[in-house]
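Working notes for the structure below.
Small disclaimer: the values here were computed from a predicted structure and weren't measured. The chains referred to below are lettered A, B, ... by the order of the sequence lines, with proteins before strands, and numbering in each begins at 1.
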There are 2 protein chains.
Amino acid sequence: MSRVSAVSIVEAIASDIRARVFSGELPALHALTETEVASSYDVARPTAKAAIEKLVAEGLLVRGVHKTARVADLGPESVRDIYLARAYLESEVLRRLASGRTVPDEAVRANKDIAALKTGAPLDVVEPDMRFHTSLVDALGNERISKMYLSLVGEVRFCMSRVQSLHLLDTNLIQAEHQKLLELIGEGKGEAAARLLDEHLGRARERLVAAMGGEAGPEADLPSKLTG
Amino acid sequence: MSRVSAVSIVEAIASDIRARVFSGELPALHALTETEVASSYDVARPTAKAAIEKLVAEGLLVRGVHKTARVADLGPESVRDIYLARAYLESEVLRRLASGRTVPDEAVRANKDIAALKTGAPLDVVEPDMRFHTSLVDALGNERISKMYLSLVGEVRFCMSRVQSLHLLDTNLIQAEHQKLLELIGEGKGEAAARLLDEHLGRARERLVAAMGGEAGPEADLPSKLTG
DNA sequence: CTTGTGTACTTGTTAGACAATCGAAGGGCG
DNA sequence: CGCCCTTCGATTGTCTAACAAGTACACAAG
């Protein structure tokens, strides 16, 4: 019985389940009954229910009326939806940042961190990569946009955890493209930045889709002018 | 005691409270205790609690730990945040639609509805206006973007209900600008459409801000080239 | 093989209760 | 007289126990 009620028992339980889903301990479609959760955390059923409902609202779990909650199964089409949504949001963010020539310090730092780690573990890229993109969005200073992006990031992490060790992208390329994005923003070239981002995300997207058994689009390939 | 439990009692109660907030029956900062809600709808307290938590998650109500929930007070800065978020989302949507020259039928229909009503009631514009913008976003076909926009629309309706009868915008101008937006999309001129939308939303935004006691930006005025 | 039924499991909702915490009112002290 | 501290009421967080309602699966009958 580990009492971790830092802020709220419900929040603590939801957090733990979230972590277990991300880590892969709870596979897709795994069933989570209220009673089961309640007894495993040694809380009452309504408490477990609240935690489950919180996660359902987040989209991490799915459930119909009177049916037991299951870990969401993000298929290839969901991955594409998520990444396209990212692209829509972020490309507009880049345009707005470029029009003010705002290059966020945090983004520069995050990309330096990516350059620093030349270790072979591809999973280490995820954290600074996310930080890079998140800091760009946050630099807009719009509360609601940041919140929207946060929910997307959660889902991105989620499906990334499913293709952890696949090594779909080259770290050097990621870092180089990020660098180029920052330069374009500084030069006020919003349109070019938006286009580069589309390629950047499109490539990750279609490779991820392919890795999950979907049919990859043409964006999976490297554009010739960037190969050098 | 009208049993309207179409899908769920919790959902029905949340719906009703939502409507009452929108209608202005529940003013900003109005307190909603769990017991009060429970007894007024003749349900148990946990049920009322669930409904309140749902609305808190939506952002319609706010509450801290161990404090009673209150109707959210969307001040001028929130209104600006909401409208800017709309502009960010929608301008990107217009670009993408224009690149495929996709003019959604539903948007055309909604704008015809605006043209049809020449009645003096300015509140009648709200519904088709919302439908116009929503149908554009939905035409993208991205589930998550549509969901994000939906939450914004909810908040927009909310703050519009606070300035109901102010008659901030001319119906003819709204209709004309919508028409122009559709034309630009059909011609593939995404950049121009995005710019016009910025003006369109920026004007509504700053006038709404001013009406709520904030300091209006320069976007509140009509650009000269559109006055004719 | 399909259909119908029944039982077990799970969720939706309720009731009542207790502890923890917040806000405000009231008393003591400078 | 004003300010700080204590106390108390109100409200929320959580629990236990229970019943109703719906789903899913197995099993039997046609």
Side-chain angles (χ1 to χ4, degrees), chain A residues 1-21 25-73, chain B residues 1-21 25-73:
Chain A
M1 177 163 73
S2 50
R3 284 263 172 131
V4 275
S5 65
V7 284
S8 153
I9 295 186
V10 172
E11 179 52 42
I13 294 176
S15 238
D16 191 69
I17 294 179
R18 204 180 294 128
R20 292 205 291 158
V21 170
E25 181 187 334
L26 299 175
L29 297 184
H30 178 88
L32 281 165
T33 71
E34 298 184 353
T35 320
E36 187 179 288
V37 172
S39 69
S40 97
Y41 287 96
D42 196 37
V43 295
R45 190 163 72 91
T47 308
K49 181 190 188 68
I52 289 175
E53 274 167 359
K54 197 176 178 65
L55 294 171
V56 168
E58 281 180 27
L60 203 67
L61 304 181
V62 292
R63 110 162 124 175
V65 281
H66 277 101
K67 294 212 287 190
T68 131
R70 296 183 170 280
V71 175
D73 182 26
Chain B
M1 178 160 72
S2 51
R3 283 265 172 129
V4 275
S5 64
V7 283
S8 155
I9 295 185
V10 172
E11 179 53 41
I13 294 176
S15 240
D16 191 69
I17 295 179
R18 204 180 295 130
R20 291 205 292 159
V21 170
E25 181 187 334
L26 300 175
L29 297 183
H30 179 89
L32 280 166
T33 71
E34 299 183 353
T35 321
E36 189 180 286
V37 172
S39 69
S40 96
Y41 287 96
D42 195 38
V43 296
R45 192 162 71 92
T47 308
K49 180 189 188 68
I52 289 176
E53 274 168 358
K54 197 177 178 65
L55 294 172
V56 168
E58 280 180 28
L60 202 67
L61 304 182
V62 292
R63 116 160 119 174
V65 282
H66 277 103
K67 295 211 285 190
T68 133
R70 293 181 172 283
V71 175
D73 181 27

### Message
Applying salt bridge (Lys or Arg N to Asp or Glu O under 4.0 Å) to Glu11(A) and Lys54(A), what does each step give before you reach the verdict?
### Response
CA-CA 8 Å; Glu11(A) 179 52 42; Lys54(A) 197 176 178 65; 3.5 Å; yes

Length of the line joining [X]:[atom1] and [N]:[atom2], which is rounded to integer Å:
X: Ile52(B); N: dT12(D); atom1: CD1; atom2: C1'; result: 10 Å
X: Lys54(A); N: dT14(D); atom1: NZ; atom2: P; result: 11 Å
X: Tyr41(A); N: dC15(D); atom1: OH; atom2: P; result: 14 Å
X: Glu34(A); N: dA18(D); atom1: CD; atom2: C1'; result: 15 Å
X: Glu11(A); N: dT14(D); atom1: CD; atom2: P; result: 11 Å
X: Arg70(B); N: dT11(D); atom1: CZ; atom2: C1'; result: 12 Å
X: Glu36(A); N: dT10(C); atom1: CD; atom2: C1'; result: 12 Å

### Query
OP1 or OP2 of dG12(C) sitting under 4.0 Å from any side-chain N/O of Lys49(A)?
yes

### Query
Under 4.0 Å: is that the gap between some side-chain N or O of Thr68(A) and OP1 or OP2 of dA24(D)?
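False: Thr68(A) side-chain N/O out of range (4.0 Å or more) of dA24(D) OP1/OP2.
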
### Message
Any base atoms under 4.0 Å from Arg63(B), or only sugar-phosphate, or nothing? Heavy atoms, all strands.
### Response
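Sugar-phosphate, backbone atoms only, no base.
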
If you check every side-chain atom of [X], which of [options] has the closest atom?
X: His66(A); options: dC22(C), dT14(C), dG12(C); value: dG12(C)
X: Thr47(A); options: dG13(D), dG23(C), dC15(D); value: dC15(D)
X: Ala44(A); options: dT16(D), dT12(D), dT11(C); value: dT16(D)

### Query
With no angle test and no hydrogens, is the base of dG13(D) tied to the side chain of Arg45(B) by a donor-acceptor pair under 3.5 Å?
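Side chain to base: pair found, below 3.5 Å.
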
### Task
Kindly determine whether Arg18(B) and Glu58(B) satisfy side-chain contact (heavy atoms from CB on, under 4.5 Å), including the steps that lead there.
CA-CA 10 Å; Arg18(B) 204 180 295 130; Glu58(B) 280 180 28; 2.8 Å; yes

Quick one: does [X]'s side chain get under 4.5 Å of [Y]'s, heavy atoms only?
X: Leu60(A); Y: Val71(A); value: no
X: Tyr41(A); Y: Asp16(A); value: yes
X: Thr68(B); Y: Glu36(B); value: no

#### Entry: Residue whose nearest DNA chain D nucleotide is more 5′ - Pro46(B) or Ala69(B)
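Looking at the nearest nucleotide for each, Ala69(B) comes out on the 5' side.
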
